[in-house]
Amino acid sequence: MIAASALDYRELARRRLPRFLFEYIDGGSYAEVTLDRNVTDLKDVALRQRVLRDVSQIDLTTRMFDQDFALPVALAPIGLAGMNARRGECQAVRAANAAGIPFTLSTVSACNIEEVAEAASAPFWFQLYMIRDRAFMRDLMARAVAAGCTALVFTVDMPVPGSRYRDYHSGLAGAPGFLGGMRRATQGAMRPGWAWDVGIHGRPHNLGNVAPVLGEKSGIEDFFAWMRDNFDPTVTWDDLDFIRSEWDGPLIIKGILDPEDAVRAADLGANGLVVSNHGGRQLDGVPSTAKALPAIAEAAGDRLTILADGGIRSGLDVVRMLALGAQGVLLGRAWAYALGAKGEAGISHMLSLVEAEMRVAMSLTGVTSIADISSDILVR
């Protein structure tokens, strides 16, 4: 199968990955209503086609957080991404660096900060959850600084993990011990390409950044148990003072869906925010990011950098999000599919497809630079 879109990479990833990994990437919480809304609401955003304009020179460069990037796109943090291909986060950061865009490393990655820094040729971003052990959080931020990370993406929409039925059905969640391990091993054996690349040669199979506190018990079977036991449901806006005291660089708050929360983030000194419902993986039934974005951009877009994620599957979707008020987008599932299908080469190709699709969308809406994309290109 030849991949002509990010959705093609979804199918290729489904064919290559063990079921428990594919369902983890692909699924959402509960009945997956919000997961579906993210895609369908964005598809429903209609663009104005304009003609007889000089679109011979299209400029996709953008500036975010005092850095210049080739595209208004970043790779979002994906937990366990390193299990989709051999040392997956290292492959992803190389692809992002080559494309001239930011890569965001998840707290719960397979490869740790130092390993990714060694693979990188440019600075990357680090994503952090609020964890009960503040000393461990302080250590993670110090490691990110030492590794040269230029921005901290602080995720605030996960004081407790959402319930994701697919993960229980596949055996990733709720299947501890020997029987759970055998179930996942059997699924892995049914995907010999993955088993050879990752299962055998991709070790260690652990949560690289949290391995120091988990010790030997840091495999993927401990993933959900660690989140349940260590994420802090007592977190409030006051805790941003602690984050700010430990992090001097750009601070991006991820998981904002309400304009009042966006204003609060700006009041407390955040540099940016991500309009996000965690890819439909937390509270099912909340609005899609495409629906939530315009009001948030209006409320706080002049005070901080507005990013968005959720449902973005093409360069056309990137343009739609920018027209709705975002200044940049985070790609999540799109790069996870591409990594699972073909590793670093898959991500590089997927990003080239997104770039080409953006150029076409901008040309046919009559805009030639990222700064020109606004609500004026939307059908009212």
Would the number of heavy atoms belonging to other residues, nucleotides or ligands and lying under 6.0 Å from [atom1] of [X] be above 12?
X	atom1	answer
Glu118	CD	no
Glu260	CD	no
Trp237	CH2	yes

Indicate yes or no for a side-chain donor-acceptor contact from [X] to the backbone of [Y] under 3.5 Å, with no hydrogens or angles considered.
X	Y	value
Gln91	Arg86	yes
Arg333	Ile25	yes
Asp8	Ala4	yes
Asn209	Ile113	yes
Arg138	Glu246	no
Gln282	Val160	yes

Taking the inter-plane angle between the rings of His278 and Tyr129 on a 0 to 90° scale, is it parallel (under 30°), tilted (30 to 60°) or perpendicular (over 60°)?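 Rings of His278 and Tyr129: parallel, under 30°.
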Begin with the C-alpha distance, continue with both residues' side-chain angles, and end with the deciding distance and a verdict on side-chain contact (heavy atoms from CB on, under 4.5 Å) for Leu172 and Glu23. CA-CA 9 Å; Leu172 180 59; Glu23 299 290 10; over 6 Å; no
Quick check: closest heavy atoms across [X] and [Y], and the distance to 0.1 Å?
X	Y	answer
Thr107	Ile131	CG2-CD1, 4.5 Å
Ser276	Lys254	OG-NZ, 3.6 Å
Leu316	Ala361	CD1-CB, 3.7 Å
Val45	Arg320	O-NE, 3.0 Å

Indicate, with yes or no, if Val354 and Phe69 share a hydrophobic cluster defined by side-chain heavy-atom contacts under 4.5 Å among Ile, Leu, Val, Met, Phe, Trp and Tyr.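 No, Phe69 and Val354 fall in different hydrophobic clusters.
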According to a hydrophobic-cluster definition based on side-chain heavy atoms being under 4.5 Å apart (Ile, Leu, Val, Met, Phe, Trp, Tyr only), do Val153 and Leu307 belong together?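 Yes; tracing contacts between hydrophobic side chains, which count when under 4.5 Å, links both residues.
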Are any of the side-chain nitrogens in Asp261 or Arg264 under 4.0 Å away from the carboxylate oxygens of its partner?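 The answer is no: the pair does not qualify as a salt bridge.
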N-O pairing of Asp376 and Arg48 below 4.0 Å: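 Salt bridge: no.
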Evaluate the criterion side-chain contact (heavy atoms from CB on, under 4.5 Å) for residue pair Cys149 and Trp247; output intermediate values, then yes/no. CA-CA 11 Å; Cys149 295; Trp247 186 267; 4.1 Å; yes
Tell me, please, whether Tyr24 has Arg281 positioned over its six-membered ring: NZ or CZ under 6.0 Å from the ring centre and within 45 degrees of its axis?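 Geometry flag: set, cation within 6.0 Å and 45°.
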side-chain contact (heavy atoms from CB on, under 4.5 Å) between Phe22 and Arg15, intermediate numbers included: CA-CA 9 Å; Phe22 177 77; Arg15 296 179 186 182; over 6 Å; no
After noting the C-alpha distance and the side-chain angles of His349 and Lys342, does the key distance pass the side-chain contact (heavy atoms from CB on, under 4.5 Å) rule? CA-CA 9 Å; His349 182 234; Lys342 293 190 176 181; over 6 Å; no
